[in-house]
Amino acid sequence: MISQRMQNALNEQIKHELESAYLYLSMVAYFRAEAFDGMAQWMTVQAQEEFTHAMKLFDYIDESDGRVELSALAQPPKEWTSPLEAFQAAYQHEQFITEKIDDLMKLAIEVKDHAAQIMLQWFVTEQIEEESSVRKIVNLLARVGDSGHGIVMIDRELGKRIAVPAVSKE
Ligand code: FEO
């Protein structure tokens, strides 16, 4: 059975993952309002992925004979001054999530919860990919600067991202 400390920490991470989805959905609204439909598509898929991250933790707590407890989500920002600023904010947020995953792993090691360590390993690896994919977009947007043509090209490319299944245990 999962320890109370580990359960509390994983419940807190469910909140962080759902807040990630909430933040990215707010960015979807911003991108749509600015007619960046490709970026909106990319961020929609990102928000869907965050929901699957929350559900991985949800299922793990449940399967470990723990109790999932949901808490209130923080209201995300609504406006950014540019696509670059929005993706920079997404990148900073992913760095914050990486810190949280690292803290969870440290706790799992401290309380000798081997099952949690194995489960969290997936998140450790996932965060490398999460940070990398957003960082590449930040770098591209920074490179094109105010070039409308460049931003349109990036928007078109990001619109190719395909949606993932809404809920997955994989
Ligand atoms: Fe669930 Fe983007 O980290």
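Order of appearance sets the numbers: ligands from 1, and atoms from 1 within every ligand. Side-chain atoms are counted along with the backbone in the values below, which use heavy atoms only and exclude waters and symmetry mates.
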Exceeds 12 heavy-atom contacts within 6.0 angstrom, atom CZ of Phe58: no

I would like to know whether His114 and Gln117 meet side-chain hydrogen bond (donor to acceptor under 3.5 Å, both in side chains); could you show each step before the answer? CA-CA 5 Å; His114 296 110; Gln117 288 174 46; 4.6 Å; no

Asn11 side chain to Arg67 backbone, donor-acceptor under 3.5 Å: yes

Answer yes or no: is there a side-chain heavy-atom contact under 4.5 Å between Leu104 and Phe123? no

State the count of protein N/O/S atoms located less than 2.8 Å away from atom 2 (Fe) of ligand 1. 4

Would you indicate whether Arg32, at its atom CZ, is surrounded by more than 12 heavy atoms from other residues, nucleotides or ligands within a distance under 6.0 Å? no

Would you please indicate yes or no on a ring centroid separation below 6.0 angstrom for Phe87 and Phe31? yes

